[in-house]
Amino acid sequence: MKKISFVTSVLFLAISLMVASCNSTTIDTKPMAGTLDSPLQSDSIPANVQKAMDNALKLHYHEVMSDTAANIAVFSIDEIDQTPSEGFGFVVTKGTVSTNFLNIINTRQPQAKYNAKTGDLWLTSCAMSGTGVNVEKLYQIRFQEDGKAYIKTELNPYAVQQELLKRIGYTVDGENVTIYDGDKVLKTITNTITDMGGFDDECPMWIGEQLYYDLSGDEPKLVFVPGVKFTTGLALLYDDMPDFSAPISIDKSGNLTIHEITVVDNKAE
């Protein structure tokens with residue numbers, strides 16, 4: 001009886017290990033590559049624009065955001081007297097107190113949103129732009145007791161890219177690319193581009209050229225789109241890729257947390 005019991009136990013253990021192995025959900029994904037090699041430098045207002053600001057009599061600007069309940073507004077500077085701003089400068093007001101942020105780029109339709117619960121004013125700024133490129137910086141602005149505004153956190157796109165690279169992977173099966181967040185499937189996309197020589201052998205999937213923000217809710221959301229590299233041509237292509245979105249938060253030390261990533265498939269099928 002003892003010998004039979006021992007053999008049965010061994011067989012049961014072996015079968016259990018085989019079942020566990022077959023039920024494993026670990027996916028052998030490949031990491032994406034990042035287009036940004038290093039943190040982007042802080043912007044700096046051109047010398048002639050700074051000189052005009054030093055002697056300014058009147059600023060010409062347009063409204064980006066107005067929160068009448070909080071008495072907070074954000075304006076984008078267009079001209080300083082007769083001198084063009086060359087795409088630099090914001091004015092943030094709280095009540096009758098104004099604060100100038102001259103070294104922030106104001107081109108490409110910046111967004112701003114104030115959260116009265118947290119006291120955060122969120123502001124986006126164009127960091128990189130061009131064909132297939134849309135990269136933004138995000139500023140977390142707070143107010144002193146006297147109403148003066150200050151930048152608490154400047155979220156660099158490189159830091160965002162690196163956080164994404166820790167999580168986002170992919171697999172390729174023929175013309176199908178599956179995007180993962182860890183082991184979680186986010187989306188399977190079928191490639192429809194047939195005249196670019198097929199996927200690049202070394203690394204077909206990249207992140208970093210399209211990183212921007214949605215400020216429509218109380219808290220900012222990161223939006224990113226992976227780019228596809230083919231064997232023909234140097235530019236990344238985005239024709240078949242959906243938008244991916246995730247709420248983000250920044251702690252007291254300025255550390256970024258990217259929360260649950262979901263698909264925002266707003267492109268035509």
Side-chain angles (χ1 to χ4, degrees), residues 40 42-43 45 49 53 56-81 84-129 134-157 159-160 210-224 243-260 262 264 266:
L40 301 183
S42 295
D43 302 314
I45 188 172
V49 180
M53 281 296 303
L57 297 176
K58 184 177 181 180
L59 297 181
H60 303 273
Y61 45 73
H62 66 271
E63 184 179 279
V64 175
M65 184 215 78
S66 179
D67 187 322
T68 55
N71 206 9
I72 291 173
V74 178
F75 302 91
S76 175
I77 300 174
D78 300 320
E79 287 187 329
I80 304 130
D81 296 325
S85 70
E86 298 189 23
F88 279 84
F90 288 91
V91 178
V92 175
T93 64
K94 184 174 184 181
T96 59
V97 179
S98 297
T99 308
N100 295 335
F101 294 100
L102 303 181
N103 291 323
I104 303 179
I105 292 176
N106 62 31
T107 58
R108 290 182 64 90
Q109 298 182 326
Q111 306 172 73
K113 182 68 176 288
Y114 180 66
N115 186 330
K117 294 180 180 179
T118 63
D120 290 318
L121 172 63
W122 299 101
L123 175 66
T124 66
S125 171
C126 176
M128 297 171 59
S129 62
N134 182 16
V135 179
E136 291 183 334
K137 288 184 179 179
L138 181 67
Y139 293 87
Q140 181 187 30
I141 296 174
R142 291 279 181 86
F143 294 91
Q144 301 174 168
E145 291 185 4
D146 62 2
K148 277 285 185 181
Y150 66 94
I151 296 173
K152 184 176 186 298
T153 305
E154 176 184 332
L155 194 55
N156 197 289
V160 178
Q210 293 203 24
L211 299 173
Y212 48 97
Y213 296 92
D214 174 7
L215 301 186
S216 60
D218 289 336
E219 295 297 327
K221 287 186 177 182
L222 167 68
V223 182
F224 67 95
D243 298 346
F244 294 90
S245 176
I248 65 169
S249 57
I250 301 173
D251 67 17
K252 295 180 179 179
S253 300
N255 298 312
L256 168 68
T257 298
I258 300 174
H259 299 285
E260 182 182 5
T262 57
V264 185
N266 54 7

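One finds the CD atom of E154 at 7.5 Å from the CG atom of D43 (value rounded to the nearest 0.5 Å). Once rounded to the nearest 0.5 Å, the distance linking CG of L57 with CG of D81 reads 4.5 Å. Rounded to the nearest 0.5 angstrom, K113 NZ and T124 OG1 are separated by 12.5 Å. Atoms CD and CD1, on Q140 and I248 in that order, are 9.0 Å from each other to the nearest 0.5 Å. To the nearest 0.5 Å, the span separating CD on Q111 from OH on Y213 amounts to 11.5 Å. Note that CG of L155 and CG of N255 are 10.5 Å apart. Values are rounded to the nearest 0.5 Å.
No option in L256, T153, L215 other than L215 meets the side chain to side chain contact (heavy atoms under 4.5 Å, CB included) test with L138. Residue W122 is tested with I141, I250, V74, D218 for a side chain to side chain contact (heavy atoms under 4.5 Å, CB included); the sole match is I250.
Side-chain contact between N106 and F101 is absent, with no heavy atoms from C-beta onward closer than 4.5 Å.
Ring geometry for F75 versus Y61: interplanar angle of 30 to 60°, hence tilted.
Nearest heavy atom pair, residue I105 against residue S125, reads O-OG, 2.8 Å. Contact between L59 and M53 at its shortest, heavy atoms only, is CD2-SD, 3.6 Å. In terms of heavy-atom proximity, P247 sits nearest to E260 at CD-O, 3.4 Å. Contact between T99 and A149 at its shortest, heavy atoms only, is OG1-N, 3.0 Å. Taking every heavy atom of both residues into account, P157 and K137 meet most closely at CD-CG, 3.7 Å. The heavy-atom pair separating M65 from I72 by the smallest distance is CE-O, 3.6 Å.
Judged purely by atom type and a 3.5 angstrom limit, N100 has no side-chain atom pairing as donor or acceptor with the backbone of L102.
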Sequence neighbours excluded and cut-off under 3.5 Å, please list the side-chain donor-acceptor pairs for residues 84-97, or say none.
from: S85; atom 1: OG; to: I77; atom 2: O; distance (Å): 2.9
from: S85; atom 1: OG; to: D78; atom 2: O; distance (Å): 3.3
from: S85; atom 1: OG; to: G87; atom 2: N; distance (Å): 3.4
from: E86; atom 1: OE2; to: N48; atom 2: ND2; distance (Å): 3.0

Assess whether side chain to side chain contact (heavy atoms under 4.5 Å, CB included) is satisfied between R108 and N134, documenting all intermediate values. CA-CA 9 Å; R108 290 182 64 90; N134 182 16; 4.1 Å; yes
CA sep, side-chain torsions, deciding dist, call: D251, T257, side chain to side chain contact (heavy atoms under 4.5 Å, CB included): CA-CA 8 Å; D251 67 17; T257 298; over 6 Å; no
Hey, mind stepping through S249 and E219 against side chain to side chain contact (heavy atoms under 4.5 Å, CB included) and telling me if it holds? CA-CA 8 Å; S249 57; E219 295 297 327; 5.8 Å; no
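The environment of K152 atom NZ is dense: over 12 non-hydrogen atoms of other residues, nucleotides or ligands sit within 6.0 angstrom.
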